[in-house]
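To find a chain, count down the sequence lines: A is the first, B the second, and so on, and within it residues start at 1.
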Number of protein chains: 2
Amino acid sequence: MRISYKGDYALKAVLHLANRYEDGEVVPINEIAAANDIPRKFLEQIMLILKGAGLVDSRRGIGGGFFLKRPPAEIRLGEVVRLIEGDIEPIACAKTPPEPCCAEIGSCAFREIWAEVAAATAAIVDGVTFADIMRRQRELKSAHQGYHYEI
Amino acid sequence: MRISYKGDYALKAVLHLANRYEDGEVVPINEIAAANDIPRKFLEQIMLILKGAGLVDSRRGIGGGFFLKRPPAEIRLGEVVRLIEGDIEPIACAKTPPEPCCAEIGSCAFREIWAEVAAATAAIVDGVTFADIMRRQRELKSAHQGYHYEI
DNA sequence: TATAAATCCGATTTATTTAGTAGTATATAA
DNA sequence: TTATATACTACTAAATAAATCGGATTTATA
């Protein structure tokens, strides 16, 4: 599974909203774009996808913006990844049910390997929520802070 | 990591040669292409990459063709995958050393996740040799055989 | 020494995907 | 009613994928 710019942007945007989830803050797209160095109009498209999937909601007009519909602890990385990037499987024949790839579909040992890779990948991205990411981000930032302080 | 047609073809071609490795058989590209339903001219390009990497060698002229330079047990899936598909990492910043992706490279929790995914994927594709694939292929074929027999 | 069989190699082509950009419409708070 | 914001559709440029084309070169053998 490759992560495109689009997917990377989506994850950063969701993380941005996750950090503002407490108190039900509404965040305008300009802020998300500027803070994460994402092209504004491109991010619009991405936010519409996230909204269409029910992950975020929005309010128009002055004071409007985007916000998560669920708490960060209930949003898994895998959900966003699948939304933007599509299948986790490295090849279509590794899906369940498998999409036909070759005549040997019933006896192709490669297919088993790709299914293993998909399962391992899914276990990781579905095992992490945005609450986990926020926590880890804080840890990394404070460690980095400390590093500078010691110099 | 996504597997392209090119990568899929390359794996099938190497497996084809692996099955002919005993007795040092030399296999013409036409046979590999026909048996695996791979466009002949496309396969030419792929074989040249494999040869350039020292994985296979070739003999020109009548009676010529391709053959593995090493026994199947000494060729890991990961080697072919990396040759054709490039990096295993789902995003460049997950490489070691990381390629810069965002300003937060030192404190990006996503990067850690992608590194985990890359490690899990690498462990799988580097843990399997073409000898393993051949063995598994035989198992699957005989199981499939048996299945038909029982009807 | 022709000839046929085979690899070698660079260029071109076609389609798809990626990563945006542009422009307009619509909603809403003040 | 105006400024601020999202909603939506369409378009475009660049890169990548998946071949295809047209030969050049090598080699066994008849």
Side-chain angles (χ1 to χ4, degrees), chain A residues 1-13 16-17 25-34 36-69 83-87 90-92 101-102, chain B residues 1-13 16-17 20 25-34 36-69 81 83-87 90-92 101-102:
Chain A
M1 175 206 37
R2 196 194 151 239
I3 302 301
S4 63
Y5 273 81
K6 194 174 177 181
D8 186 44
Y9 293 160
L11 292 167
K12 283 172 176 166
H16 193 103
L17 293 182
E25 275 190 77
V26 170
V27 186
I29 205 170
N30 276 328
E31 178 188 316
I32 307 175
N36 296 280
D37 206 35
I38 303 173
R40 156 74 205 276
K41 290 296 257 179
F42 195 20
L43 183 56
E44 268 188 26
Q45 295 177 17
I46 295 167
M47 295 314 289
L48 286 183
I49 294 172
L50 298 178
K51 181 177 176 178
L55 203 70
V56 308
D57 208 344
S58 63
R59 272 215 294 275
R60 286 178 162 198
I62 293 178
F66 290 89
F67 53 95
L68 296 185
K69 286 185 77 175
L83 250 176
I84 304 295
E85 308 290 359
D87 299 321
I91 191 168
C101 51
C102 52
Chain B
M1 175 207 35
R2 195 191 151 242
I3 301 302
S4 63
Y5 273 83
K6 194 174 177 181
D8 187 45
Y9 293 161
L11 292 167
K12 283 173 176 165
H16 193 104
L17 294 183
R20 307 302 207 77
E25 274 189 80
V26 169
V27 186
I29 206 170
N30 275 328
E31 179 189 314
I32 307 175
N36 296 279
D37 207 36
I38 303 172
R40 155 77 204 275
K41 291 296 255 179
F42 195 20
L43 183 56
E44 270 188 22
Q45 295 177 19
I46 294 167
M47 296 313 291
L48 285 182
I49 294 172
L50 299 178
K51 180 176 177 178
L55 203 70
V56 307
D57 207 345
S58 64
R59 274 215 294 273
R60 288 181 160 194
I62 292 179
F66 290 90
F67 54 94
L68 296 184
K69 283 185 80 174
V81 168
L83 250 177
I84 304 295
E85 308 291 359
D87 299 321
I91 191 169
C101 50
C102 52

If I take atom [atom1] from residue [X] and atom [atom2] from residue [Y], how far apart are they, to the nearest 0.5 angstrom?
X: A:Glu44; Y: A:Phe66; atom1: CD; atom2: CZ; value: 7.5 Å
X: B:Arg2; Y: A:Ile91; atom1: CZ; atom2: CD1; value: 8.0 Å
X: A:His16; Y: A:Glu31; atom1: NE2; atom2: CD; value: 4.0 Å

Subject >> Gap between atoms NZ and C1', on A:Lys6 and C:dT17 respectively (whole Å) >> reply: 10 Å

**OP:** Using atom CE of B:Met47 as one end and atom P of C:dC9 as the other, report the distance to the nearest whole Å.
**Re:** 14 Å

Looking at every heavy atom in both [X] and [Y], which two are closest together, and how far apart are they?
X: A:Asp8; Y: A:Ile3; value: N-CG2, 3.8 Å
X: B:Ile46; Y: B:Ala10; value: CG2-CB, 3.7 Å
X: A:Pro90; Y: B:Met1; value: CB-O, 3.0 Å
X: B:Ile32; Y: B:Ile38; value: O-CD1, 4.5 Å
X: A:Asn36; Y: A:Lys12; value: OD1-CB, 3.9 Å

Do any N or O atoms of the protein come closer than 3.5 Å to N or O atoms of nucleotides 20-24 of chain C, and which pairs are they?
residue: C:dG20; atom: OP2; partner: A:Tyr9; partner atom: OH; Å: 2.9
residue: C:dT21; atom: O4; partner: A:Gln45; partner atom: NE2; Å: 2.4
residue: C:dG23; atom: O6; partner: A:Lys41; partner atom: NZ; Å: 2.2

**OP:** Determine the sole option in B:Met47, B:Arg40, B:Lys41 for which the side chain to side chain contact (heavy atoms under 4.5 Å, CB included) test with B:Leu43 is passed.
**Re:** B:Met47

**OP:** Run through B:Val27, B:Asp57, B:Leu17 and flag the one making a side chain to side chain contact (heavy atoms under 4.5 Å, CB included) with B:Phe67.
**Re:** B:Asp57

**OP:** Check DNA chain C against residues 48-67 of chain A and give the residues with a non-hydrogen atom under 4.0 Å, in numerical order.
**Re:** A:Arg60, A:Gly61, A:Ile62

Original post:
Quick one: how far along DNA chain D does chain B reach, first to last nucleotide 5' to 3', anything under 4.0 Å to a heavy atom?
Top reply: D:dA18 to D:dA28

